[in-house]
Visitor: 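Below is the structure I would like to discuss, written out as structure tokens.
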Amino acid sequence: MASSGNSPPRLPPPSPNQVYVKMAALNGGFITLPERNFVTNADPKWATTTPSMCFLIEHPTGSGKPDRIVFDLGIKRDLTKYLPATRKHITERQPVYSTPDARASLLAGGFDPAKDIDYVCLSHVHWDHVGEPLDYPNSKFIVGSGTLYILENGAPNYPPERIIEEGVLPPDRTVELPPTPGSERKHFAHSGKSNHQWQSLSTLPNVVDYFGDGSVYVVDAPGHIHGHVNALLRVGPEKWVYLGGDCCHDRRIMTGERGIAEYDDGHGKLKSVHAELPIARNTIQNIQKLIEVNGDTVEWVIAHDTKWACENQARFLPGWMY
Ligand SMILES: [Zn+2]
């Protein structure tokens with residue numbers, strides 16, 4: 001990017017007593033994505049079996065015991081627990097492997113999902129990310145604005161019968177982030193349980209500094225489905241990890257080698273895997289600029305990044321990324 005006075009600021013330097021998080025990747029099962037539905041210039045016959053990755057984040061506290069956050073829960077280990085419409089959709093994503101799931105991955109690292117996880121942050125409520133919330137009976141669930149609305153009312157491309165699960169989120173333990181400033185979506189009833197404020201950070205228009213110490217940011221990442229959020233973690237001096245969820249499903253979209261596929265919806269119109277394609281494109285551009293402006297200080301990972309998973313097996317629990 002040209003160094004003009006209009007360049008977005010870099011990510012902020014560490015504060016004097018800066019808190020850094022530890023993190024590890026978790027297996028959350030595997031699904032198979034036909035290339036033609038995801039990237040431009042696709043091989044019409046090609047499909048890739050990709051991970052549905054989740055992440056464990058440890059946020060130090062003064063008390064000695066860190067806050068533990070799981071970002072995304074992957075695929076349910078028992079596929080029969082999905083609703084019929086979702087099970088039908090899953091037939092188009094075969095092969096699907098549901099083990100090891102996020103719970104088994106945590107247990108393998110010595111963590112009990114029922115006791116040791118303080119927060120579960122869901123990037124969004126698609127079937128391959130919601131996993132099995134019942135495994136986390138003591139965790140607080142964090143979701144993006146509009147998530148509770150679409151669980152009741154459905155969303156573009158996703159009729160209610162496709163995604164609503166009875167009790168997918170525990171009402172008394174779910175915190176929905178507030179609508180972003182200027183959002184026209186006033187109809188997204190806000191749970192009122194979150195006092196967080198959106199702010200801009202480097203190239204990202206809307207982030208929430210979740211613990212207020214500049215180490216864990218939840219990032220508004222609209223376009224894929226209402227409520228889609230990402231996370232930006234400060235893992236060391238001048239070192240960050242950006243978790244991109246489903247902002248795109250193929251790393252070649254982030255690198256600019258491919259575009260987002262549009263394909264026939266069966267009714268003579270084009271659709272994509274994103275509910276709001278122009279907004280999804282804008283979200284990807286913001287992340288691309290973040291990487292451009294901040295260079296090697298930002299490592300990025302999307303949920304279905306096969307290449308990253310293959311090259312970073314040692315960074316899955318019981319190993320650590322940072
Ligand atoms: Zn998704």
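Counting from 1, the numbers follow the sequence of the chain as shown. Whatever order the structure lists them in is the order used to number ligands and atoms, beginning at 1.
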Visitor: With the Zn ion (ligand 1) at the centre, find the angle made by ND1 from His126 and OD2 from Asp246, to 10°.
Guide: 170°

Visitor: Let me see the working for Asp118 and His59 under side-chain hydrogen bond (donor to acceptor under 3.5 Å, both in side chains), right down to the final yes or no.
Guide: CA-CA 10 Å; Asp118 303 283; His59 172 256; over 6 Å; no

Visitor: Is the ring centre of His224 less than 6.0 Å from the ring centre of His249?
Guide: yes

Visitor: Could you tell me whether the Zn ion (ligand 1) has an N, O or S atom of His224 under 2.8 Å away?
Guide: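 Yes, since at least one N, O or S atom of His224 sits under 2.8 Å from the Zn ion (ligand 1).
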
Visitor: What class does the angle between the rings of His124 and His129 fall in, given that below 30° is parallel, 30 to 60° is tilted and above 60° is perpendicular?
Guide: tilted

Visitor: Share the residues that join Tyr97 in a hydrophobic cluster, the rule being Ile, Leu, Val, Met, Phe, Trp or Tyr side chains under 4.5 Å apart at the heavy-atom level.
Guide: Phe30

Visitor: Backbone or side chain, does His249 get an N/O/S atom under 2.8 Å to the Zn ion (ligand 1)?
Guide: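 False for His249.
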
